[in-house]
2 protein chains.
Amino acid sequence: MTATDTRADRSTGRTRLLPPMPTQAERVAELLRESLIDGVYPPGRRLSEERLCEELGVSRNTLREAFRLLVRERLLVHQMHRGVFVGLPTSDDVRDLFKARRTLELPALRDATAPAEEAVRLVGAAVDEGEAAREREDWWRMGTANMRFHQAVAGLSESARVNEFMSQVLAETRLVFHVMDAPREFHAPYLDWNRRIHTLLASGDPRGAAEELATYLDTSEDQLVTAFTAMEERA
Amino acid sequence: MTATDTRADRSTGRTRLLPPMPTQAERVAELLRESLIDGVYPPGRRLSEERLCEELGVSRNTLREAFRLLVRERLLVHQMHRGVFVGLPTSDDVRDLFKARRTLELPALRDATAPAEEAVRLVGAAVDEGEAAREREDWWRMGTANMRFHQAVAGLSESARVNEFMSQVLAETRLVFHVMDAPREFHAPYLDWNRRIHTLLASGDPRGAAEELATYLDTSEDQLVTAFTAMEERA
DNA sequence: ATTGAAGTATCGTTCAACAATCCAACGATG
DNA sequence: CATCGTTGGATTGTTGAACGATACTTCAAT
């Protein structure tokens, strides 16, 4: 997820053992990323360079480097001579995000005929975490657990690049939820669905699990899109 | 593809008609991107900030902003206090890239039961272009056409985000071909395959086309991985 | 109300400087 | 001869300030 290379040093073949100290720009990007998916800055809000670099205690140049990263992840949008703004997804974006999720999640699940044990475990753990959060009425963690569930599903593909793309898509989806500030009701009904999907997967029926997930995504998209279009024409 | 926002101005609702003038950093990134997929800089080579910003006539800060973008696209890798290097994919990367391609291309093709006319046309155009290039023995354009073919296949999903991810994956695949400087033989045999896939798709048999593509990807990956591992242990 | 012309705030980019770190060369030590 | 500190030079990391360019605001004039 970080930009500095953790993998083997390709030039020399040597391996990097210590975690690479991230650059300041990367740390700033990480901090902002957290804040953005946490909804600290509302979608559409402009982020002032001057104010932020004062607030974070870094120079403008460093902050701008961090901005570039987040713009590429679509968490921020950049407009020439106007600055960067928190992403403000439209209903079209919602549809596109779900298209992306279908291509990432469904094949990963459907083709998981012999899934890695660890990957399946992650899926189950996310379900558990979600249900525990629901018990505690900790809605925020419940949303996080739901995201982690889908991340884990995509993770069945065992591809680092697919995983990274998926986490981007999910981060942007978080923005979608912040546009309409109603995370509780949107996640709660889906927990049972997650449980069912995991059960099917663990019992060796990936195709059944994929079908379940397909209808899940359909209904979830419908719900979000209708809510979105309603909100859009209200404005 | 560009980082500045072309879409509707979300804050005001106004629409942007003129193409946004990209920032200098973005132009630099675009230029470097072209150079990288064209193989101007060999994989693994370090790119000196001092030299490049002199060469391109931009300041170091601007160049570094461009670097960040390309690092995020995996065309460059960044190592703290050592600088940025042209990506040098390993055989593991090759495998991961093919996993990603399967995820992106196969479902797009298989689910194209009622594909958009324009999207299918793009696939066919790429095939035509490839064959024309083969006639002229223009190997470089042939490789480009092959890439465009697969881009078009992924484009059947009609998702902007999937398309962008796909183009990233393909750009990185270009790097793979540059590691082993043998682009001719690697693309030529696959042109007929592309033709067949397009025919199946256009004749309303997406599942058949997907099967064809699946074996295509399998053999292509095998060929590349074996060539890669041979090269890796030779070094 | 619309148009047009300052004025202001912010971004885009550059430049110069210094600190931090890597690297290669060198010599000391066993 | 090989290995291990040390040292010095080169490159990156980060900062701060400066100035031009552009968008937004204000306000006067039609």
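Chain letters run A, B, ... following the sequence lines, proteins first, then strands; residues in each count from 1.
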Do [Y] and [X] meet the salt-bridge criterion of a basic N to acidic O distance under 4.0 Å?
| X | Y | value |
| --- | --- | --- |
| A/Glu26 | B/Arg68 | yes |
| A/Arg64 | B/Glu65 | yes |
| A/Arg102 | A/Asp218 | yes |

Is the number of heavy atoms from other residues, nucleotides or ligands within 6.0 Å of [atom1] ([X]) greater than 12?
| X | atom1 | answer |
| --- | --- | --- |
| B/Arg141 | CZ | no |
| A/Arg51 | CZ | no |
| A/Gln223 | CD | yes |

Would you tabulate the pairs of protein nitrogen or oxygen atoms and nucleotide nitrogen or oxygen atoms of nucleotides 6-11 of chain C closer than 3.5 angstrom?
residue : atom : partner : partner atom : Å
C/dT10  : O3'  : A/Arg46 : NH2          : 2.5
C/dC11  : OP1  : A/Arg46 : NH2          : 3.1
C/dC11  : OP1  : A/Glu49 : N            : 3.2

In whole angstrom, what separates [X]'s [atom1] from [N]'s [atom2]?
| X | N | atom1 | atom2 | result |
| --- | --- | --- | --- | --- |
| B/Asn61 | D/dG16 | CG | P | 13 Å |
| B/Glu65 | D/dT14 | CD | P | 14 Å |
| A/Phe67 | C/dT13 | CZ | P | 15 Å |
| B/Arg51 | D/dT11 | CZ | P | 9 Å |
| B/Leu52 | D/dT12 | CG | P | 10 Å |
| B/Arg45 | D/dT11 | CZ | C1' | 17 Å |

Does A/Thr62 have a side-chain nitrogen or oxygen under 4.0 Å from the phosphate oxygens OP1 or OP2 of D/dT15?
->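 For D/dT15, OP1/OP2 do have a side-chain N/O of A/Thr62 under 4.0 Å.
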